[in-house]
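Lettering follows sequence order; numbering is per chain, from 1.
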2 protein chains.
Amino acid sequence: MPIRNTDQIMHKAAWLYYSHGLRQDEVAQKLEISRASVATYLRRARETGIVNITTSTELFTDDVLARELEDATGVTAAWIVPEDRQAMDPTAEMPVLAASAFLELINKGDRVGVAWGRTVYHIADVMPFADLRGVTVVQLCGNLGAPYSYRPDQCTTEIARRLNAEGINFYAPLVLSSERLAEELRGEPVIREQLSTIADCHLALYSVGGIEDDSHLVKCGALSASEMHRMGEEGAVGVIAGQLIDGDGQWINCAHNRRCISADLDSIRAISKRMLVVQEDSKFEPLMAALKGGFASHLVVTTSMARRVMDRWRRDGLGKVHAATA
Amino acid sequence: MPIRNTDQIMHKAAWLYYSHGLRQDEVAQKLEISRASVATYLRRARETGIVNITTSTELFTDDVLARELEDATGVTAAWIVPEDRQAMDPTAEMPVLAASAFLELINKGDRVGVAWGRTVYHIADVMPFADLRGVTVVQLCGNLGAPYSYRPDQCTTEIARRLNAEGINFYAPLVLSSERLAEELRGEPVIREQLSTIADCHLALYSVGGIEDDSHLVKCGALSASEMHRMGEEGAVGVIAGQLIDGDGQWINCAHNRRCISADLDSIRAISKRMLVVQEDSKFEPLMAALKGGFASHLVVTTSMARRVMDRWRRDGLGKVHAATA
DNA sequence: GCAACGATTTGACTTATGTCACGAGCGATG
DNA sequence: CATCGCTCGTGACATAAGTCAAATCGTTGC
């Protein structure tokens, strides 16, 4: 990418304004352009990630409930979205919080994995712009066109774009019609190579899906409602990166899972920072399964969900979730 | 540190304003306080590091000269402060740049070492506020009261304060009157322990001192002008962390150095990211010595200084500086 | 060579933000 | 319990920043 002259001037303006604290008119004078242009450049500088404005998410981790949740379940950090009257709408708040928290967890040079779903897409949509060259964003699961266009590759791409990071997509369908084909495709060098690098990620971002008739997998047509129903009877409780898990968070050896091209669940568990974001109250059971399965080292949930998890965890006398094997 | 209620509200205001993009009056309405208060809280949030605004320093590394300097000398990265008419005063610019660049190099959980001098103090003085809990800032050299109150411990403390990091000072004088006493003091557990952790730093910040009559060591009274003069005749060329180095950047076995309580030069060389900042044009020879001695992996200099280094480096057919042993 | 287009820049205006003197609240002190 | 001294919050004003239609610039295609 050639360095355009306008980039230079935008960068200079941003530098003088943000790093030296000059006023816009002073910057304009120094650069011999109009103040209006300075304002425009500054906006672009923010949108480009040349200027980063981040707010500590401490507010949401600094909470007795968060501490309790961490202590009880063994997650490394929990962010709790409050639901009191003074707060914002939790549904709007959570993606913003998750995006900020996610950003805080990224280090220079990291490889980060991004999965798929409504939640992840919303996070991508409010992800702050940042200057994270050297970071690589990899797609955790195969593609699937979704009704509201939340395709896995779009999530990855959008996040990579905002972070000025490199995005690595892989172009395989999430589910294939036959196990044989899925197996063959997984064996393809391009695909196999990509899947094998997933365990090298330093950080992953995903939600957990439900298995109701209105679950994402069903709405996207990966599974019919009746198939999903049957899977539920056979022990499926939630969905991680497109794959069904049982109540203990274990991979289910079923037709759907065998037909799936997605990150191996053990690879995901091997990632040291696994950020799980759960918005809907209805995802309580899937969340419990994901927690038990060790899919969360970093958790973003609402106050009420946190309380429910605590209650259940205590009632069942569960221990701490196992840490990443990495 | 107890969590004050005002911190909470400041944090909320910052969150709504910066992360959600609400206007100040909207924030005021939501928090049921006046807009004026919101403005105040936001300023404090910026000053506290709850809100971080950073500008990429790419502008200064994105330069043919910087590339050449890196290629020739082997430093990992170079920041070049331009001296053209459109630019700011280089003397004012450099500390701001160095501070930003330094901040960019810090990772979560790092231990960073900070040395001493006018330059370092100026950098401390313009260091942006950040939320780097978990980072430790350690003092690299013993204390010495300076005419303009640039004491080593002040540099460390100020930087730690701004970063919200932990500052670790060590209270020993930089120079003692006898070698015996210096030796004994270095052997004291408190001191020895601190000095031994220096090699564990991930990042260090320092300048290189000159040996003129108006050099810092002389002005602070660590050495008389005549002593310094004599040291110059015996091969001293510059000063790193209070210690004299020769033209090749090697420690000189002289009375002053033996009387010094400071970071062992090999410990400094063992730090993987060594940021050297040189403001004054007069420090060319000291800079060359520091470079040859392997004291810079990251370099901040003016355009003219960069050119001089390039010229000399080529003329003398020098190779790349050796990397950190760590 | 010139018309047509998109991108950039600007002046003039609107809106948002920063500031400061003042007053309310509150804990410490005699 | 009155008074002091402090911090915190506010209204009103001054100042800075955002916006947008119109002008300008530079490129491309004919």
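- Atom CD in B:E32 sits roughly 11 Å away from atom P in D:dT10 (whole-Å rounding).
- Taking atom CD on B:Q29 and atom C1' on D:dT10, their separation rounds to 17 Å, with Å as the unit.
- Within the structure, every side-chain polar atom (N or O) of B:S34 is placed at least 4.0 Å from both OP1 and OP2 of D:dG9.
- Shortest non-hydrogen contact noted between B:L163 and B:M127 is CD2-CG, 4.0 Å.
- Between A:D25 atom CG and C:dG11 atom P there is a gap of 13 Å when expressed in whole angstrom units.
- A:E68 is linked by a side chain to side chain contact (heavy atoms under 4.5 Å, CB included) to A:L65, A:M310, A:R314, counting only residues two or more places apart in sequence or in another chain.
- Residues satisfying the side chain to side chain donor-acceptor pair (under 3.5 Å) test with A:T76, not counting sequence neighbours, are none.
- Rounded to an integer number of Å, the gap from A:Y41 OH to D:dA17 P is 17 Å.
- Contacts of A:D25 classified as salt bridge (Lys or Arg N to Asp or Glu O under 4.0 Å), with partners at least two apart in sequence or in another chain: A:R23.
- No side-chain heavy atom of B:L140 sits under 4.5 Å from any side-chain heavy atom of B:W116.
- When the P atom of D:dG9 is taken as reference, atom CD1 of B:I9 falls 7 Å away, rounded to whole Å.
- With sequence neighbours excluded, the residues forming a side chain to side chain donor-acceptor pair (under 3.5 Å) with A:Y18 are A:R46, listed by chain and number.
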Protein-to-nucleotide contact annotation, 5' to 3' order, nucleotides 18-27 of chain C [B base; S sugar-phosphate only; - none; under 4.0 Å, heavy atom]: BB--------
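- A:R44 and A:E47 are not joined by a salt bridge, as no carboxylate oxygen comes within less than 4.0 angstrom of a charged side-chain nitrogen.
- Under 4.0 Å is where a charged nitrogen must lie from a carboxylate oxygen, and between A:R307 and A:E83 no such pair does.
- Rounded to whole angstrom, the span from the CG atom of B:L31 across to the P atom of D:dG9 amounts to 11 Å.
- A salt bridge links A:R162 with A:E158: the closest approach of a Lys/Arg side-chain nitrogen to an acidic carboxylate oxygen falls below 4.0 angstrom.
- D:dA17 atom P lies 18 Å from atom CZ of A:R44, rounded to whole Å.
- Within the helix from C:dG1-D:dC30 to C:dG30-D:dC1, the inter-axis angle between the opening and closing five-pair segments is 30°, rounded to 10°.
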